[in-house]
Asks: 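Encoded as structure tokens, here's the structure I'll be asking about.
Below, all heavy atoms of this structure are taken into account, side chains as well, without hydrogens, waters or symmetry copies.
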Amino acid sequence: MYVAVIFVTMKTLRTYIKTIAAGLVLLAACCINPAAADSTDRDLFVFGLINQYRATPFAHAIALGYDPVVLQEMGIGPETVFAPYALDRKLSEDAAAANAREAAADPEAEPIPPVRRHMARTSSVFSFSHFMSMETAGHIFVQNLFKNELDTGDFQFILSEVFQYVGIATAPGVVADTRMNAWFLSLTLGSFGQVTEMQMLNLINQVRAHPPLTQHFIHTDSNMLFQQNPQLSHLPKMLFSPLFPDDMLQQWARADAAMSGSSEEDVPRSDADGEGSADGAGAAGTASPSDPALPQSADPNRDMPVPADFYESYPGEFFQTATVAASWEDMTTARPVADLFSALLYSELITWPYGAVVFSNRYTQAGVAIALETLENTGIGIVSVHAGPFIDWRLVPEETGGPEPQLVPDETVPVETESPKARIYGLVFFDHDEDTVYFPGEELAQHTVSVYELPQHPVSMPDETHTLVKTLVTDNAGHFSLSLDPGRQWVFEAEKDGQTARRIIHIEKDQFVRIFFSPPYPPFDTSL
């Protein structure tokens, strides 16, 4: 039980001692009256426990009897450390709502819609006929999640690298059916990216892959656009590689959008199409020391400081920005993301190819941020897109603004000689209006996608010869990504309600892959 201390740093050890001390005080309070302990203290105790497991996973696993060799094969070694989670207020409110549903206090409560690009939830109930302390329940809760991840190799909660934020809720109560006392514990994890931001990137990549699709989003007559900018006649013939999410560019975009607006949680969601009026104005920029410092974060719930000198610290030779605004008269029908996208497209098309972000092959990475505000029946939104070239952060020294360089898998092989891969930006959606075009709200979240490799020299071979390469799950914005060997044919498959959607694509470079389902047609009435 004391092996865990061996690999704990002094800082972590001090935190551990403080947490145990807080836990002992909490335990004493619970022994007198379980409901008397402050819920915040209980939540912080579980929060600290989770970060302890993330700080020393190998030591905790050894203490539970796991084989060191097996752990090493799973990528868990004595030096393995997972970055600590940050506590998030809104995620904690989501977890508290899950506890209420679990306790049947509000059985018909609707689940809180996910606003983050990635989100995971889990809940547990620990019932007892005799008293069980919150400390005991918390240890069981975290330890069971930890053991399940080690047993399955699926690091979803305690050892996840996808999530950065955690919400925790603990509550005493009574199990509805057995009437036994219980502790209710819920955990909600979230990532930095927001669903609305990824929806915007989905739209951008859709028109980059198929420029004629812009007609589905622009409210202005296309002939008028061609009259304003004759160069647009060349655009439908062009193809653009997809833009891929970049965390640093996204932080900067959020800082830009935060100058006016709030988080998208305040905006009602609707599946109805809106014909909102959109007025856009584009802005382009390159790295310049004279640019003003931007605010720290677009999200008031998180402390994500953006360096004031980020323009100077950007290691790329150039980047481009586009910022537009749009407003809606009727917030009950307008789709803010789609209308903001219309404004973004309009501002770019009237000046294309100058200052292009959406339709430019100079960039491969992007950060997207959306700030939305509601004023009675009027909605105001701002979208900011920062685009730049790919940067291998392993080669960027920390003092120039990048993270600490990471070693390549084989230090004897230079990064430049690694086999180039084609990156896939995938999107899965349900085509409600049957126009084959993705609109925000049609994405299929948490949907499984299978990727198969076709033989290099196919000779009318049956499907059984396809080799399954990867099984992926879409995020809350319907997006999935992976890297594949170029110069081959690949099959992308997804299933929904007995219907199979399949795309067979010859991949040569970075590719946008769109997989969609259509509503089933009613059966043909043969009696007529």
Asks: CD1/Ile62 to CG/Leu71 distance, rounded to the nearest 0.5 angstrom?
Replies: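 So the gap between those two atoms works out to 5.0 Å.
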Asks: Salt-bridged, Arg254 to Glu197, with N to O below 4.0 Å?
Replies: yes
Asks: One pair to check against side chain to side chain contact (heavy atoms under 4.5 Å, CB included): Val115 and Thr196. What are the steps and the verdict?
Replies: CA-CA 7 Å; Val115 297; Thr196 51; over 6 Å; no
Asks: May I ask you to test the Asp475-Arg116 pair for a side-chain heavy-atom distance under 4.5 Å?
Replies: no
Asks: For Val368, which of Met200, His386, Gln250 qualifies under side-chain contact (heavy atoms from CB on, under 4.5 Å)?
Replies: Met200
Asks: Once side chain to side chain contact (heavy atoms under 4.5 Å, CB included) is applied, do any residues pair with Asp67, and if so which ones, sequence neighbours excluded?
Replies: Val69, Val70
Asks: Quick one, Phe492 and Arg502 - any side-chain contact, counting heavy atoms below 4.5 Å?
Replies: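 Side-chain contact under 4.5 Å: no.
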Asks: Regarding Arg89 and the six-membered ring of Tyr165, is the cationic atom NZ or CZ under 6.0 Å from the ring centre and inside 45° of its axis?
Replies: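 Relative to the ring axis of Tyr165, which defines the angle, Arg89 lies outside at least one limit.
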Asks: Where the side chain of Ser518 meets the backbone of Glu434, is there a donor-acceptor pair that is under 3.5 Å apart?
Replies: no
Asks: Would you mind reporting whether Val162 and Leu189 have side-chain heavy atoms less than 4.5 Å apart?
Replies: no
Asks: Indicate the atoms forming the closest heavy-atom contact of Leu201 with Ala366, along with that distance.
Replies: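 That closest heavy-atom pairing would be CD1-CB, 4.3 Å.
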Asks: I'd like to know if the side chain of Ser127 reaches the main chain of Met180, judged simply by a donor and an acceptor atom lying under 3.5 Å from each other, with no hydrogens or angles considered.
Replies: no
Asks: Cut-off 3.5 Å, no hydrogens considered: what does the side-chain donor-acceptor table look like for residues 142-149, sequence neighbours left out?
Replies:
| from | atom 1 | to | atom 2 | distance (Å) |
| --- | --- | --- | --- | --- |
| Asn144 | ND2 | Ile140 | O | 3.4 |
| Glu149 | OE1 | Leu159 | N | 2.9 |
| Glu149 | OE2 | Phe157 | N | 2.8 |
| Glu149 | OE2 | Ile158 | N | 2.6 |

Asks: Given Leu444 and Lys496, is the side chain to side chain contact (heavy atoms under 4.5 Å, CB included) satisfied, shown in steps?
Replies: CA-CA 10 Å; Leu444 291 177; Lys496 177 178 173 57; 3.9 Å; yes
Asks: Side chains of His479 and Tyr425, heavy atoms from C-beta outward: is any pair under 4.5 Å?
Replies: yes
Asks: Name all residues meeting the salt bridge (Lys or Arg N to Asp or Glu O under 4.0 Å) criterion together with Arg54; count only those two or more places apart in sequence or in a different chain, and write none if there are none.
Replies: none
Asks: Checking Asn205 side chain against Leu243 main chain: does a donor-acceptor pair fall under 3.5 Å?
Replies: yes
Asks: How about His139 and Phe45: are their ring centroids closer than 6.0 Å?
Replies: yes
Asks: Sequence neighbours left out, what passes side chain to side chain contact (heavy atoms under 4.5 Å, CB included) with Gln446? Give chain and number order.
Replies: Val473, Asn476
Asks: Nearest heavy-atom pair of Pro114 and Val195: which atoms, and what distance?
Replies: O-CG2, 3.8 Å
Asks: Could you check whether any side-chain N or O of Thr188 sits under 3.5 Å from a backbone N or O of Arg121, counting only pairs where one atom can act as donor and the other as acceptor?
Replies: no
Asks: Measure the NZ-OG distance between Lys470 and Ser450 for me, rounded to the nearest 0.5 Å.
Replies: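 The distance works out to 12.0 Å.
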Asks: Determine whether a donor-acceptor pair (N or O, by modelled atom type, separation under 3.5 Å) exists between the side chain of Gln365 and the backbone of Asp246.
Replies: no
Asks: Any chance you could lay out the side chain to side chain donor-acceptor pair (under 3.5 Å) test for Asp497 and Gln499, step after step, and finish with the verdict?
Replies: CA-CA 6 Å; Asp497 300 331; Gln499 182 182 0; over 6 Å; no
Asks: Could you walk me through whether Tyr66 and Leu150 pass the side chain to side chain contact (heavy atoms under 4.5 Å, CB included) test, one step at a time?
Replies: CA-CA 9 Å; Tyr66 284 88; Leu150 294 180; 3.8 Å; yes
Asks: Using a 4.5 Å cut-off on heavy atoms from C-beta on, say whether the side chain of Thr448 contacts that of Phe480.
Replies: no
Asks: Give me the one residue out of Asp43, Asn51, Val166 that meets side-chain contact (heavy atoms from CB on, under 4.5 Å) with Leu87.
Replies: Val166
Asks: With side chains defined as the heavy atoms from C-beta onward, is the minimum distance between Val385 and Val383 less than 4.5 Å?
Replies: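 Side chain of Val385 against side chain of Val383, heavy atoms only: contact under 4.5 Å found.
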Asks: Using side chain to side chain contact (heavy atoms under 4.5 Å, CB included) as the criterion, list what pairs up with Glu443, not counting sequence neighbours.
Replies: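 Applying side chain to side chain contact (heavy atoms under 4.5 Å, CB included) to Glu443 gives Gln199, Tyr438.
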Asks: Does the pair Arg514/Asp431 count as a salt bridge with the N-to-O cut at 4.0 Å?
Replies: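 Salt bridge between Arg514 and Asp431, a charged N being under 4.0 Å from a carboxylate O: no.
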Asks: Evaluate the side-chain proximity of Phe155 to Ile76: yes if any heavy-atom separation is below 4.5 Å, no if none is.
Replies: yes
Asks: Can Asp485 and Lys421 be said to form a side chain to side chain contact (heavy atoms under 4.5 Å, CB included), step by step?
Replies: CA-CA 5 Å; Asp485 292 328; Lys421 297 275 189 179; 2.6 Å; yes
Asks: Starting at CZ of Phe58, measure out to OG1 of Thr56 and round the result to the nearest 0.5 Å.
Replies: 11.0 Å
Asks: Restricting to ring-ring contact (aromatic ring centres under 6.0 Å, His included), what partner residues turn up for His118, sequence neighbours left out?
Replies: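 Testing His118 for ring-ring contact (aromatic ring centres under 6.0 Å, His included), a comparison that skips the adjacent residues, returns none.
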Asks: Using the ring pair (Phe, Tyr, Trp, His ring centres under 6.0 Å) rule, pick out the option among Phe439, Phe517, Phe516 that qualifies with Phe429.
Replies: Phe516
Asks: Quick check: do Val451 and Trp490 have side-chain heavy atoms less than 4.5 Å from each other?
Replies: yes
